[in-house]
Amino acid sequence: MSLTTVTLAGWRWRQHAASEEWHACAHSRATTEIFTDLLDAKRIPDPFVDQNERLVQWVGETDWEYACDFMYELDEKHSRQDLVFEGLDTIAAVYLTEELVLISSNMFHRHRVDVTGKLRSGTNTLRIVFTSALRHGQAVEAQHGRYRAFNGDSSRLHVRKAQYHYGWDWGPILLTCGPYREIRLESYASIVYDVFANATVADDLQQATLDVSWDAILDRDVSLDITVTSPSQLVFHTTTALSSTDGHGRASLAIPKPELWYPVGYGPQIFYTVDICLRDKEGTHLQTTRKQVGMRRLRLVQQPLLDEPGTSSFFKINNVPIYMSGSNWIPGHSFLTAMTPSDYASAVQSCLDSNQNMLRIWGGGVYEHDALYEECDRRGVLIWQDFMFACGQYPCYPEFAASVKKEAIDQVKRLRQYCSVVLYAGNNEDYAVAEMLKLEWDPDDHSGDWTATNFPARTIYETHLPAIVAEYAPGVPYHPSSPWGGKNTEDCTVGDIHQWNVWHGSQEKYQLWDKLVGRFVSEFGMLAFPSARSIRRFVTNPAQRYPQSAVLNLHNKADGAERRLALQSVCPLPSAAAAGSGRALAINDCWPVSSWALVDFYGERKLAYYAVKRESAPLALGIHRSTPELKPLKKPPPQVLGPPHDLAFKRYVFDVWAVNMTLQDQTISVEVQLYDIKTGALQEKKSLGVQTLAANRSTELAADWSVDDQTAIQAIMFDADGHLVARASDWPQPLKYVTLPAAYEVTLRVLDGKVEISSNAPVKGVELYMADDERRIQWEDNGVDVFPGDVYTINAPGVAEGDDVRVRYYGDRRAC
């Protein structure tokens, strides 16, 4: 009598209403989509290569259909059969043995369809017709009116599909379709589903309540046994009786002295196991379900500040303030079914390897695969979850609002079990769009219904979504948007901001990054090419492998990118400067492209990745050089002669601080060294002596020390045993004005598993690479600043003594 489940697989496909025969998918997976199947069948060129994106646009303008066969055997003990759809992309009509059983127009809907009495004993066929989302959206747009969209065809705003499929300033236009999430047949007598084990932890962390709720479809009176096992194997149990008319239920258990789940670096990632067993009156098992629950107390702290305007904006987990360093996550592929659980695990590992502890699931993609959330739970990476609206003026007519409300309920009920999800945000930048378009947005209007204005989606963001989060994921904070807070979307004193005024916007100098921060910076970035190795993979003609070639320009979707990349090319290493000021970059790409990502589509780590890793380390140093005083020195340094240096030298002051993000006080010592940037001569060495760094905070070590614009600064931190634990450096700015040595003596010593770097003068941005560029080495660090007398060791598994490891660096005239 227990539940039986059949996962549908073995799909075939064809153009809808075409004369061609069915084509079997080249795989046996449960999920698929048209682009991957066309590629497998060699019906289209790879859209990621060269300019092939332009050759495959017809795919998104075409209707397609999928079909699969599955077996069903009648079981008289099972009174009901359901087809369960976890996601259809996007405009879909579903036929069971040629009977229409479902119409779906939202990629993010989940469906449970009663097909009792519609199944044959033996082979059954499910066929799904996918109408072109582009043509469908354009028809709906003609009916309901055109709204403004930034990125992609404006009709996307009417279609509840992954918005990045329509193209973005980092992504291609690839409007795919298909059964992209699992479909299964469930046959049963009675079941419970959408089980939610919600842990509420007391303020003092000494007591927790575990509320277990569920939906039910029952054909008889049953009992529900709930057994909770703690990480230390303590067992809690309760039983509740359900009548056949009960469609919902809830039970509570008291958990004394809960064993708590923490983010990475703050404590263990441990879980309670919740086992649910559904039995009939005779004690027969009808269904068993298991959930893993991480118990944690979550708070978003937004309190007035003593010496600053606005409020704080940080998270506390289990009463501990959490220092955030993270990245934005876009879908890891343009074709979602090409992603595997190991791909998601590798992405989370990239976060951890760079000392990051948060991912923001960006609002123009998808509510991600369970594999990503499971991995974040397991590894302690927190998740900021946007709802799937981005960069547009969305509608809110009744049919659209109803679809969105079901979408939100479906997805929040799926995601609420993950303890890593710590915030929901209503959209990405739609309030910034409202400001740019001067839409009707009165912050003092709290009526809750703005459907009659030209900013109707405000009703979704401020009325529908917060109510759904409050009901289905109680205790998780909600923001109507990202950015959100304060007087406007650029108010840096409240909530979060997106800081794009270096690459986009006013295009400020990167040296001003420290002035462009906010209480919580949830987006910023600097565009960069993918690695040379990656470029060789998607640019097949060597003659096209140069900046601003036709192919590379197609793989660069950013507005004005040609001019801005040229501008940034004369501003050395702006991403490194940014990493020290704000810490919410983008980590990944969905195809090979020039973008803001730290890791390119093929998994190659850019130099900015390593800068983030160093800046976000548990123990880190920082140096900040102030705005120069615009007055001449009484006497310029004697080693510098002739104009313009004998006219004026700029004086600066600099500060040094240390960051201790561990939960224990740390005893350290710090040395600061000043070098002449041209000769490499040591000008001054200062010891800050033994210091105690308080846990989970930053500490100022020195302030207002004087320095000139011919001096590079290095600080080195040692632990109580004298081991080097952190470095920091600072250079005159703009660095492009600085006269560098005609030649450096940069020496490499290649050993098994590591490379040692030394130099005779301060060297900026030393990058290691293999002479055999096809040989892939995962450097532990790269793009480092090297100073005289300080051997910089970089671990590199796979490197052996005698390997031809090479080096390049800023100002390397060999590259000219």
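FYI, the numbering just counts along the sequence from 1. All values derive from a computational prediction rather than experimental measurement.
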Exercise for the section: For the residue pair Asp343 and Thr340, confirm or rule out a side-chain donor-acceptor distance under 3.5 Å. Expected result: yes

Handout entry: Student check: side-chain heavy atoms of Phe85 and Ser104 closer than 4.5 Å
Key = no

Practice task
Supply the atom-to-atom distance Thr5 OG1 to Leu185 CG, rounded to the nearest 0.5 angstrom.
Solution key: 8.0 Å

Practice task
Could you tell me whether the side chain of Asn357 reaches within less than 4.5 Å of the side chain of Leu382, counting heavy atoms only?
Solution key: no

Practice task
Report yes if some heavy atom in the side chain of Phe236 is under 4.5 Å from a heavy atom in the side chain of Thr238; otherwise report no.
Solution key: no

Handout entry: Set of salt bridge (Lys or Arg N to Asp or Glu O under 4.0 Å) partners for Arg127, sequence neighbours left out
Key = Glu65, Glu98

Handout entry: Criterion side-chain contact (heavy atoms from CB on, under 4.5 Å) on Trp13 and Phe130, from CA distance to verdict
Key = CA-CA 11 Å; Trp13 58 272; Phe130 290 96; over 6 Å; no

Exercise for the section: List in chain and number order the residues that pass salt bridge (Lys or Arg N to Asp or Glu O under 4.0 Å) with Asp449, two or more places apart in sequence or in another chain; answer none if no residue qualifies. Expected result: none

Practice task
Answer yes or no: is there a donor N or O on one side and an acceptor on the other, between the side chain of Tyr418 and the main chain of Arg414, under 3.5 Å?
Solution key: no

Exercise for the section: Using only heavy-atom distances, determine whether the side chains of Asn428 and Arg360 contain a donor-acceptor pair under 3.5 Å. Expected result: yes

Practice task
Please confirm whether the backbone N or O of Asp203 pairs with a side-chain atom of Asn319, one donor and one acceptor, at under 3.5 Å?
Solution key: yes

Practice task
May I ask you to test the Ser522-Trp362 pair for a side-chain heavy-atom distance under 4.5 Å?
Solution key: no

Practice task
Just jot down the side chain to side chain contact (heavy atoms under 4.5 Å, CB included) partners of Ala401, sequence neighbours excluded, or say none.
Solution key: Cys396, His464

Problem - Thr4 and Glu186: side chain donor to acceptor below 3.5 Å - result: no

Exercise for the section: Return yes if a side-chain donor-acceptor contact under 3.5 Å exists between Asp430 and Tyr461, otherwise no. Expected result: yes

Exercise for the section: Hey, could you give me each pair passing side-chain hydrogen bond (donor to acceptor under 3.5 Å, both in side chains) that has a residue in residues 81-93? Not counting sequence neighbours. Expected result: Tyr72-Gln81, Arg80-Asp82, Gln81-Ser187, Asp82-Arg112, Asp82-Tyr188, Glu86-Arg110, Glu86-Arg184, Asp89-Lys161

Problem - Donor-acceptor contact present, side-chain Trp11 to main-chain Ala30, <3.5 Å - result: yes

Exercise for the section: Would you tell me whether Asn318 and Arg296 have side-chain atoms, one donor and one acceptor, within less than 3.5 Å of each other? Expected result: no

Exercise for the section: Only pairs at least two apart or in different chains count here, so list each salt bridge (charged side-chain N to carboxylate O under 4.0 Å, His left out) that has a residue in residues 239-248. Expected result: none

Exercise for the section: Dump the intermediate steps for side-chain contact (heavy atoms from CB on, under 4.5 Å) on Leu286 and Ile191, then the final yes or no. Expected result: CA-CA 7 Å; Leu286 303 176; Ile191 62 166; over 6 Å; no

Practice task
Side-chain contact test, heavy atoms from C-beta onward, threshold under 4.5 Å: evaluate it for Lys118 versus Thr97 and give yes or no.
Solution key: no

Practice task
Kindly compute the distance separating CG (Leu423) from OG (Ser482), expressed to the nearest 0.5 Å.
Solution key: 8.5 Å

Handout entry: Contacts of Asp69 that satisfy salt bridge (Lys or Arg N to Asp or Glu O under 4.0 Å) - sequence neighbours left out
Key = Arg12

Handout entry: Backbone N/O of Ser232 and side chain of Glu259: donor-acceptor pair under 3.5 Å
Key = yes

Practice task
Taking the side chain as every heavy atom from C-beta outward, state whether Thr36 and Thr176 have any pair of such atoms under 4.5 Å apart.
Solution key: no

Practice task
Examine distances only and state if a side-chain atom of Gln15 and a backbone atom of Thr62 form a donor-acceptor pair shorter than 3.5 Å.
Solution key: no

Exercise for the section: Taking all non-hydrogen atoms of both residues into account, name the closest pair between Thr31 and Glu182 and its distance. Expected result: CG2-N, 3.6 Å

Practice task
Please check if atom NE2 in His248 has more than 12 non-hydrogen atoms from other residues, nucleotides or ligands closer than 6.0 Å.
Solution key: no

Exercise for the section: Taking salt bridge (Lys or Arg N to Asp or Glu O under 4.0 Å) as the test, write out the residues that go with Arg181, two or more places apart. Expected result: none

Exercise for the section: Specify whether His109 and His111 have parallel, tilted or perpendicular ring planes, treating 30° as the upper limit for parallel and 60° as the lower limit for perpendicular. Expected result: perpendicular

Practice task
Name all residues meeting the side chain to side chain contact (heavy atoms under 4.5 Å, CB included) criterion together with Lys413; count only those two or more places apart in sequence or in a different chain, and write none if there are none.
Solution key: Asp194, Asp215, Ile409, Arg416, Tyr472

Exercise for the section: Give a yes or no answer on whether the side chain of Ser244 reaches the backbone of Asp219 with a donor-acceptor pair at less than 3.5 Å. Expected result: no

Practice task
For Trp261 and Asp377, indicate whether the former's side chain and the latter's backbone hold a donor-acceptor pair under 3.5 Å.
Solution key: yes

Handout entry: Expected output: side-chain His23 to main-chain Glu21 donor-acceptor under 3.5 Å
Key = yes

Practice task
Take Leu39 and Phe335, measure what side-chain contact (heavy atoms from CB on, under 4.5 Å) needs, and give me the verdict at the end.
Solution key: CA-CA 11 Å; Leu39 281 167; Phe335 312 135; 4.2 Å; yes

Completion exercise
In terms of heavy-atom contacts, Ser223 and Thr239 come closest through CB-CG2, 4.3 Å

Practice task
Search all heavy atoms of Ala216 against all heavy atoms of Tyr193 and return the closest pair with its distance.
Solution key: N-CE2, 4.1 Å

Handout entry: Tyr367 versus Glu407, side-chain donor and acceptor atoms under 3.5 Å
Key = yes

Exercise for the section: Evaluate the side-chain proximity of Ile317 to Leu298: yes if any heavy-atom separation is below 4.5 Å, no if none is. Expected result: yes

Problem - Reported NE2-to-OG distance for the pair His158 and Ser105, which is rounded to 0.5 angstrom - result: 13.5 Å

Problem - Donor-acceptor pair, side chain of Asn588 and main chain of Ile330, under 3.5 angstrom - result: yes

Practice task
Could you go through the side-chain contact (heavy atoms from CB on, under 4.5 Å) check for Val94 and Val113 one step at a time?
Solution key: CA-CA 11 Å; Val94 182; Val113 179; over 6 Å; no

Problem - Heavy-atom closest contact (Val59 atom, Ile34 atom, distance) - result: CG1-CG2, 3.8 Å

Exercise for the section: Decide whether Ser481 and Asn427 meet the rule of one side-chain donor and one side-chain acceptor closer than 3.5 Å. Expected result: yes

Exercise for the section: Return the set of residues passing ring pair (Phe, Tyr, Trp, His ring centres under 6.0 Å) with Tyr95 (not counting sequence neighbours), or none when no residue passes. Expected result: none

Exercise for the section: Mark yes or no for whether Arg160, through its side chain, and Phe400, through its backbone, hold a donor-acceptor pair below 3.5 Å. Expected result: no

Practice task
Quick one: closest heavy-atom pair of Ser420 and Cys376, and the distance?
Solution key: OG-CB, 3.9 Å

Handout entry: Student check: side-chain heavy atoms of Tyr272 and Ile255 closer than 4.5 Å
Key = yes

Practice task
For Lys257, check side chain to side chain contact (heavy atoms under 4.5 Å, CB included) against everything at least two apart and list the hits.
Solution key: Gln206

Handout entry: Spacing of CZ belonging to Arg379 relative to CD belonging to Glu374, to within rounding of 0.5 Å
Key = 14.0 Å

Exercise for the section: Return the minimal non-hydrogen interatomic distance between Gly365 and Phe108, and the atom names on each side. Expected result: O-CZ, 3.8 Å

Practice task
Could I get the full list of side chain to side chain contact (heavy atoms under 4.5 Å, CB included) partners for Ala162, not counting sequence neighbours?
Solution key: Met107, Tyr164, His165, Val366

Practice task
Name all pairs fulfilling the salt bridge (charged side-chain N to carboxylate O under 4.0 Å, His left out) condition that reach into residues 224-242, sequence neighbours left out, sorted by first residue then second.
Solution key: Asp225-Arg279

